[in-house]
Structure formats: C-alpha cells, structure tokens
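Order of listing sets the numbers, starting from 1, for every ligand and every atom in it. Only heavy atoms go into these numbers, but all of them, side chains included; no hydrogens, no water, no symmetry mates.
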Amino acid sequence: MTTATTRESHRAQELRALAERAGRELEDASALDILRWAADTFGSRLCVTSSMEDAVVAHLASRALPGVDVLFLDTGYHFVETIGTRDAVEAVMDVNVITLTPELTVAEQDARYGPRLYERDPDLCCAMRKVKALEAGLASYDAWATGLRRDESYTRANTPVVGWDARREKVKISPIARWTQADVEAYVAEHGVLTNPLLQDGYASIGCAPCTRRIAEGEDARAGRWAGLGKTECGLHA
Ligand code: SF4
C-alpha cells in the first residue's frame, strides 16, 4: 500500500513537472501543435472531454490522434439537440465517443433527494451527475483535453494551455485557451465542424436543459448557465 502510494505520488510529480514545463513552452503554439505534443506524449492515455456544444476540440484532437477517445457526460438532463450532436460526432468523425453516466438515474436521484434537485442544491446535483461521473471516466488516462477558453468568463481568464489538474492528478490540456469566439467560428467554417443546433437559437453556452437559458445581446457567453443561482461553474474545472 505504502509502496503503491509512493509510486503514484512520484508519477504525479513527474506529470506535474511535465505539465508545468509544457504550459510555458507551448503558450504560443497553435492548438493543433499543442494536441500533437499531447498525442506524442500520452498516446492512448490522452482523452478529450466534450459537452457537445461543438466538436472543435474533438476535431482538432482527431487530426493529432485519429480515433482519440472523446468522453461525453450524459447527465440525463441534456437537450435532445445535444444528444443528437453526440450521435452525429460519433457517426462522422474519426473519434471514439465514450458516454459516461452518473451512478443514479434521474428517477433514482428524484426518489432519494426529491425532484428538481438542480433548483434546490445545484452544487450537489452537479457533484453527482457531472464531477463524480467524470472522475470515474478519467481514471484510465494521464491527460485530458478540454475546450476551455480564456475569453468565456473571468473564471477562465487564466486557463493555461497545458496545466496540472491537482485534484485528479492529470495533465489538463486546453488547446484553444487563447482562441476567441471568432477563432472558433472560423475553424468551424473552414473545416465544416459539427456544432449544436442550439447555438443558432440564442444559446451561447450549452449545459443541462434545466440550468441553461438563451442569453441577451451583450451578455457574457456563460450568463445563461445557472442564471439567478449565483453559480458559474459545475465543478469539472475547479
Ligand atoms: Fe444538475 Fe443542472 Fe448541474 Fe446538470 S447543470 S448536473 S441539471 S445542477
């Protein structure tokens, strides 16, 4: 037990040093080059997580590592358009979509905690339906790539292109951290990347249906998430 813990800890130290060095060296690299580095470094121990708002990072990752694992968290509360986007990505892109599900179904959660937990305690709901499910799904990887961008909100303004996820002891890669919304739109147009149809219907950031609304002109892209609840992040990126 002690030996295993020591070995894990040493591995974590190595990965942390690797992440910190790469974060400095790749700050000005292109998103594709960041993912090529990740593919060369981690191979099949790299995965991508996607909310299926769009498939930009999955597309970039598939160019660097064809057949890359793409993890999608099916909370049971998604818009039908989001599930449709997941199915389309699986059908047409060179990626391996893996759907993660929480321990409890929505019905089981309702029975145990009462209906509409997301209204009364969204932190607990997210912890069970997202954070815990992702942690289980990430167990077999050393590195995960996300679509976080610095311009999305003040909470994401310091996102490194490669950083250390101390909570999960994984390397966390945000290849489009430096991109703007215009950069995303240009990439989508150039490569014909799949996007969630709700982006054409007033939504700028898409999560679970009960906790997502359209945004008004001039609002922050994430203003439509947990509106009125004083919550800005689900805990996946804390
Ligand atoms: Fe629950 Fe809302 Fe979090 Fe989805 S976003 S897990 S419905 S609180």
Side-chain angles (χ1 to χ4, degrees), residues 47-58 70-90 97-139 141 144-149 151-156 159 165 167-168 170 172 174 181 184 195-216 219-238:
C47 69
V48 176
T49 57
S50 176
S51 66
M52 298 299 164
E53 185 174 296
D54 62 54
V56 167
V57 175
V70 174
L71 309 189
F72 170 69
L73 271 173
D74 186 353
T75 63
Y77 281 119
H78 282 302
F79 292 99
V80 66
E81 290 87 347
T82 301
I83 299 299
T85 304
R86 186 265 324 260
D87 293 346
V89 166
E90 192 168 29
V97 175
I98 298 172
T99 297
L100 307 174
T101 53
E103 193 179 322
L104 300 179
T105 64
V106 170
E108 287 167 345
Q109 178 171 295
D110 286 354
R112 192 175 300 181
Y113 296 91
R116 298 185 299 282
L117 181 64
Y118 49 80
E119 288 178 356
R120 291 174 286 110
D121 193 344
D123 287 342
L124 177 60
C125 188
C126 277
M128 291 191 291
R129 308 206 73 71
K130 289 187 168 184
V131 180
K132 203 170 163 200
L134 180 69
E135 271 165 17
L138 285 178
Y141 302 95
W144 58 305
T146 80
L148 294 185
R149 297 198 334 257
D151 74 341
E152 289 177 302
S153 68
Y154 70 91
T155 58
R156 299 183 173 187
T159 302
D165 178 350
R167 180 158 132 197
R168 304 176 181 93
K170 312 277 179 201
K172 186 171 174 182
S174 300
Q181 182 60 33
V184 171
T195 60
N196 193 312
L198 294 175
L199 293 176
Q200 313 304 319
D201 191 21
Y203 294 85
S205 175
I206 300 163
C208 295
C211 303
T212 305
R213 66 157 171 77
R214 294 176 178 86
I215 60 164
E219 273 192 312
D220 186 277
R222 288 181 62 83
R225 306 288 296 277
W226 304 284
L229 292 175
K231 178 176 167 71
T232 55
E233 295 282 346
C234 55
L236 295 180
H237 303 294

Undergrad: Does the side chain of Thr82 come under 3.5 Å of the side chain of Asn196 through a donor N or O and an acceptor N or O?
TA: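 The criterion, which ignores hydrogens and geometry beyond distance, is satisfied for Asn196 and Thr82.
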Undergrad: Need the ligand 1 atom indices (1-based, order shown) with element for anything under 4.0 Å from a heavy-atom of Cys208.
TA: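 By the 4.0 Å cutoff, the relevant atoms are 4 (Fe), 5 (S), 7 (S).
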Undergrad: Closer than 4.0 Å to some heavy atom of Tyr77 - which atoms of ligand 1 meet that?
TA: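 Result: 7 (S).
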Undergrad: According to ring-ring contact (aromatic ring centres under 6.0 Å, His included), who are the partners of Tyr77, at least two apart in sequence or on a separate chain?
TA: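 Partners of Tyr77 under the ring-ring contact (aromatic ring centres under 6.0 Å, His included) test: Tyr118.
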Undergrad: Show the atoms of ligand 1 that are less than 4.0 angstrom away from any heavy atom in Pro122.
TA: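 Matching atoms, with element in brackets: 8 (S).
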Undergrad: Between Thr159 and Arg149, do the side chains contain a donor N or O and an acceptor N or O under 3.5 Å apart?
TA: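 Checked: Arg149/Thr159 side chains show no N/O donor-acceptor pair below 3.5 Å.
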Undergrad: Quick check on contacts: which atoms of ligand 1 are under 4.0 angstrom from a heavy atom of Arg129?
TA: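 Checking each atom against Arg129, I get 6 (S).
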Undergrad: Report yes or no: does Cys211 have an N/O/S atom closer than 2.8 Å to atom 4 (Fe) of ligand 1?
TA: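 No N, O or S atom of Cys211 is closer than 2.8 Å to atom 4 (Fe) of ligand 1, so no.
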Undergrad: Between Ser174 and Thr146, do the side chains contain an N or O donor and an N or O acceptor separated by less than 3.5 Å?
TA: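 Yes, a side-chain donor-acceptor pair sits under 3.5 Å.
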Undergrad: Is there an N/O/S atom in Cys126 at a distance below 2.8 Å from atom 3 (Fe) of ligand 1?
TA: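 An N, O or S atom of Cys126 is closer than 2.8 Å to atom 3 (Fe) of ligand 1, so yes.
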Undergrad: Output side-chain donor-acceptor pairs under 3.5 Å for residues 206-214, partner residues at least two apart or in another chain, one line each.
TA:
from	atom 1	to	atom 2	distance (Å)
Thr212	OG1	Gly207	N	3.2
Thr212	OG1	Cys208	O	2.7
Arg213	NH1	Glu219	OE1	3.1
Arg213	NH2	Glu219	OE2	3.1
Arg214	NE	Asp201	O	2.7
Arg214	NH2	Asp201	OD2	2.9

